[in-house]
Asks: 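Handing you a structure now.
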Amino acid sequence: MSKTGLASFPPEPDVPAAQRAEGQVRLRYEDVTQDGRLALAALPHALGEVLWRSALADASMTQALRAAGVVPILTRVVVEGGGGPVSVRRPLDGSGCFQLAHAVDEHGAVSKLLLNMWVSVRGLSGRTHGPPPDGAGEPVTAGRVFAEHVFTRLFAPAGERRVLRLDAPGLPAVPPARVDWQPPEALLEPPAGAAWLEPAPAPDGAPVVFALDHTDSNQH
C-alpha cells in the first residue's frame, strides 16, 4: 500500500514490461518557458504521447473495458518541473508505466478501482533561439507527471456508475495493488505550519462563464 500526501509525487511502482512504454514528446512554442524550461501545463500531454497512444490504445484490457462501458476518468494530476533549457526544435523522450490498483473505505471494503500513470520526460540541453547554452547537448530531465484515474461506467444511469470489479479477460476482478484514496477536498487543506487568512471560504462576486472552448472532446 502506498501512502503519500496529495501534492507529493507518488513513487513509481515496479511493474511488468507490458505495463511500460517509451515515446517521443513533441513540443509547441508555448510548451517551453522564456528561460527554456518545460512549462508545467505541457507535462500532462506526455501521458498521451507515451502511454495512451502506445501501451493502452490497442491493449486488450482497454478494448474489453470499453466494450463494457467502463472508462478511467481523470481525478488527480501531480506535476513536477525539471531542468533546462530545452529547445522546441527537438522532441523530448518520455518513459513511463501504468498500474491498476484499488482503494478501500473506512470499513476496509473496496470503494474504487484505479488506473494510475507515471511519465518522466528527458531531453538534451539546448535553446530555441540565440547561442547554445553552457553544456549544450547534455542530458536533462525536463519533468515528470503522475495521473490518477477512477474506473466508472460513465454513461450508466445514476446509482449504477461505480465500478468495484473488472469483468474483463485476463484482469483480476480487484487489482491487488492498494493505494490510499485522497478526496478532492484534501486540496483545501493547508500544508503543515500554515493557516488560512480567513476562517471560512467566502463567495467571489465575479461571474465565471464556461464556454465550448474551455473544454475538450473528453469533456475535460
Side-chain angles (χ1 to χ4, degrees), residues 1-4 6 10 12-23 25 41-79 94-119 144-187 208 210-220:
M1 178 175 66
S2 65
K3 189 172 185 178
T4 60
L6 192 66
E12 185 174 311
D14 183 15
V15 297
Q19 293 173 225
R20 294 189 172 275
E22 298 179 350
V25 181
L43 278 162
H45 176 63
L47 296 166
E49 296 293 291
V50 176
L51 290 174
W52 280 117
R53 290 191 173 95
S54 56
L56 287 166
D58 298 319
S60 57
M61 173 193 78
T62 305
Q63 301 298 329
L65 292 175
R66 186 177 298 164
V70 175
V71 294
I73 299 300
L74 184 66
T75 50
R76 182 163 65 103
V77 176
V78 182
V79 177
S95 61
C97 68
F98 69 90
Q99 182 187 48
L100 301 178
H102 75 276
V104 299
D105 60 20
E106 63 274 16
H107 304 295
V110 175
S111 60
K112 293 175 178 63
L113 302 185
L114 303 100
L115 170 64
N116 291 330
M117 298 180 177
W118 292 258
V119 170
R144 56 181 183 165
V145 56
F146 165 80
E148 172 193 87
H149 306 73
V150 173
F151 284 106
T152 183
R153 293 182 179 85
L154 184 61
F155 302 106
E160 301 179 16
R161 296 170 187 162
R162 186 182 295 271
V163 175
L164 300 178
R165 292 177 58 87
L166 297 178
D167 297 318
L171 291 180
V174 176
R178 176 180 163 184
V179 297
D180 289 325
W181 171 252
Q182 301 176 44
E185 295 80 13
L187 280 171
V208 178
F210 292 96
L212 291 178
D213 59 342
H214 295 122
T215 183
D216 61 18
S217 56
N218 266 339
Q219 302 182 38
H220 292 144

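Atoms considered below: every heavy atom in the structure, side chains included; atoms not considered: hydrogens, waters and symmetry mates.
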Asks: Looking only at heavy atoms, what is the nearest atom pair of A18 and F98, with distance?
Replies: O-CE2, 4.0 Å
Asks: Specify the closest pair of heavy atoms between V77 and P44, including all atoms of both residues, with the distance to one decimal.
Replies: CG1-CG, 4.4 Å
Asks: Which distance, rounded to the nearest 0.5 Å, do you find between the CG of L113 and the OG1 of T152?
Replies: 10.5 Å
Asks: Taking all heavy atoms of L51 and all of A21, pick out the closest pair and write down the distance.
Replies: CD2-CB, 4.0 Å
Asks: Calculate, to the nearest 0.5 Å, the distance between atoms NE2 and CZ belonging to H102 and R178 respectively.
Replies: 6.0 Å
Asks: Within the 4.5 Å heavy-atom criterion, are K112 and T75 side-chain neighbours or not?
Replies: no
Asks: Let's go through L171 and L65 carefully: what are the C-alpha distance in whole Å and the side-chain angles of both, what is the deciding distance for side-chain contact (heavy atoms from CB on, under 4.5 Å) to 0.1 Å, and is it a yes or a no?
Replies: CA-CA 10 Å; L171 291 180; L65 292 175; 4.3 Å; yes
Asks: Rounded at 0.5 Å granularity, tell me how far CG in L100 sits from CD in Q19.
Replies: 6.5 Å
Asks: So which atom in V71 and which in L154 form the shortest heavy-atom distance, rounded to 0.1 Å?
Replies: CG2-CB, 3.7 Å
Asks: Rounded to the nearest 0.5 Å, what separates atom CZ in R66 from atom CE in M61?
Replies: 10.0 Å
Asks: Can you confirm whether more than 12 heavy atoms, excluding those of D105, are under 6.0 Å from its CG atom?
Replies: yes
Asks: For L56 and T62, which heavy atoms make the closest approach, and how far apart are they?
Replies: O-OG1, 2.7 Å
Asks: Nearest 0.5 Å, what's the CZ-CG distance between F146 and L47?
Replies: 10.0 Å
Asks: Strictly distance-based, threshold 3.5 Å: is any side-chain N or O of R153 a donor or acceptor partner for the main-chain N or O of R162?
Replies: yes
Asks: Where do E148 and W181 come nearest, in terms of heavy atoms and distance?
Replies: OE1-CZ3, 3.2 Å
Asks: Is the number of heavy atoms from other residues, nucleotides or ligands within 6.0 Å of CD (Q63) greater than 12?
Replies: yes
Asks: Does any non-hydrogen side-chain atom of V119 lie less than 4.5 Å from one of V25?
Replies: no
Asks: Which residue pairs satisfy the ring-ring contact (aromatic ring centres under 6.0 Å, His included) criterion with at least one member in residues 44-78, sequence neighbours excluded?
Replies: W52-H149
Asks: So if I apply the side chain to side chain contact (heavy atoms under 4.5 Å, CB included) rule between Q99 and each of P10, P13, P175, which one comes out positive?
Replies: P13
Asks: Is a donor on one side and an acceptor on the other found under 3.5 Å between the side chain of R161 and the backbone of A156?
Replies: yes
Asks: How many angstroms lie between atom CZ of R20 and atom SG of C97, to the nearest 0.5 angstrom?
Replies: 4.5 Å
